[in-house]
Amino acid sequence: MAYDDQNIFAKILRGEIPCNKVYEDEYALAFHDIAPQAPVHVLVIPKGSYVSMADFSATGSPDEIAGYFRAIGIVARQLGLDEPGYRLIANHGRDAHQEVPHLHFHIFGGRSMKGMVPKPAES
Ligand code: AMP
């Protein structure tokens, strides 16, 4: 899938639309999800143009991959989530219901999240 530079996160990265930023460095930008599904729901996106884990893992440079994953850990720590914990989710493609075609990890925290994935009838 080709990268669409008109996707909403590309526009946020270019500063064309605002976000509620929580962290930024050379490799990543983190901001609050506009429709939070947990008391803490933050998205972390790489600065490079990657649709999802599929192309990021295949073509991202070692520096980009290391910098991005380090940033996710930094953001979770800065949000105070190392204890009692948090959940990371990155959706790829149709079955995962990925909505925005720019790689993002969701950080969920602030409540217990028992259960790993939705049951088939709910998905
Ligand atoms: P996904 O289904 O993994 O692609 O999730 C996309 C997420 O982006 C959803 O949780 C949306 O609520 C969130 N989202 C969409 N537009 C914005 C926006 N402008 N600012 C922050 N979060 C957004």
Side-chain angles (χ1 to χ4, degrees):
M1 180 182 182
Y3 184 79
D4 171 13
D5 68 4
Q6 293 305 306
N7 79 75
I8 194 112
F9 294 169
K11 291 180 179 178
I12 287 174
L13 275 173
R14 291 194 296 266
E16 294 170 8
I17 64 168
C19 70
N20 189 357
K21 182 163 78 174
V22 298
Y23 177 82
E24 182 171 15
D25 66 19
E26 180 182 353
Y27 298 105
L29 174 68
F31 49 89
H32 290 281
D33 195 290
I34 203 167
Q37 296 182 45
V40 178
H41 184 175
V42 165
L43 303 173
V44 188
I45 68 176
K47 291 213 165 159
S49 300
Y50 298 100
V51 175
S52 72
M53 273 301 288
D55 56 337
F56 188 63
S57 60
T59 66
S61 73
D63 281 354
E64 286 178 307
I65 292 171
Y68 177 56
F69 279 97
R70 194 176 301 281
I72 295 170
I74 290 170
V75 172
R77 195 168 308 118
Q78 288 188 352
L79 291 167
L81 296 176
D82 277 2
E83 294 289 343
Y86 57 91
R87 175 162 294 163
L88 298 177
I89 291 179
N91 294 314
H92 164 71
R94 187 189 58 207
D95 271 3
H97 293 255
Q98 181 180 4
E99 292 171 10
V100 179
H102 182 110
L103 174 61
H104 49 286
F105 267 76
H106 299 252
I107 302 176
F108 296 106
R111 67 168 166 82
S112 175
M113 279 165 282
K114 195 172 176 199
M116 193 65 79
V117 293
K119 294 180 175 58
E122 300 166 0
S123 59

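In listed order, ligands and their atoms are each counted from 1. We use all heavy atoms of the structure for the numbers below, so side chains are in, but hydrogens, waters and symmetry mates are not. Please read these numbers as outputs of a predicted model, since none were measured by experiment.
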Could you tell me, atom by atom, which parts of ligand 1 come under 4.0 Å of a heavy atom of [X]?
X      : value
His32  : 21 (C)
Phe31  : 21 (C)
Ala35  : 12 (O)
His106 : 1 (P), 3 (O), 5 (O), 7 (C), 10 (O)
Asn91  : 1 (P), 2 (O), 3 (O)

Of the choices His97, His102, Lys11, which has the non-hydrogen atom that lies closest to atom 2 (O) of ligand 1?
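Among His97, His102, Lys11, the closest heavy atom to atom 2 (O) of ligand 1 comes from His97.
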Return the residue, atom name and 0.1 Å-rounded distance of the protein heavy atom closest to [atom].
atom                    : value
atom 8 (O) of ligand 1  : Phe9 CZ, 3.4 Å
atom 7 (C) of ligand 1  : Asp33 OD2, 3.5 Å
atom 6 (C) of ligand 1  : His104 NE2, 3.5 Å
atom 20 (N) of ligand 1 : Ile34 CB, 3.7 Å
atom 4 (O) of ligand 1  : Glu99 N, 2.7 Å

Side-chain ion pair, Glu24 and Lys47, N-O less than 4.0 Å
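Between Lys47 and Glu24 there is a salt bridge, with a charged N closer than 4.0 Å to a carboxylate O.
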For ligand 1, note which part of Asn20 has a heavy atom under 4.0 Å away: side chain, backbone, both or neither.
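Looking at Asn20 and ligand 1, no heavy atom falls under 4.0 Å.
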Testing the basics here: between Val44 and Ala30, what is the closest heavy-atom pair and its distance to 0.1 Å?
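Shortest heavy-atom separation between Val44 and Ala30 comes out as CG2-CB, 4.0 Å.
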Distance (rounded to the nearest 0.5 Å) between Leu43 CG and Ile12 CD1:
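CD1 of Ile12 is found 8.0 Å from CG of Leu43.
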Ring center gap for His104 and His102 short of 6.0 angstrom
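Between His102 and His104, which both carry aromatic rings, the centre distance is not below 6.0 Å.
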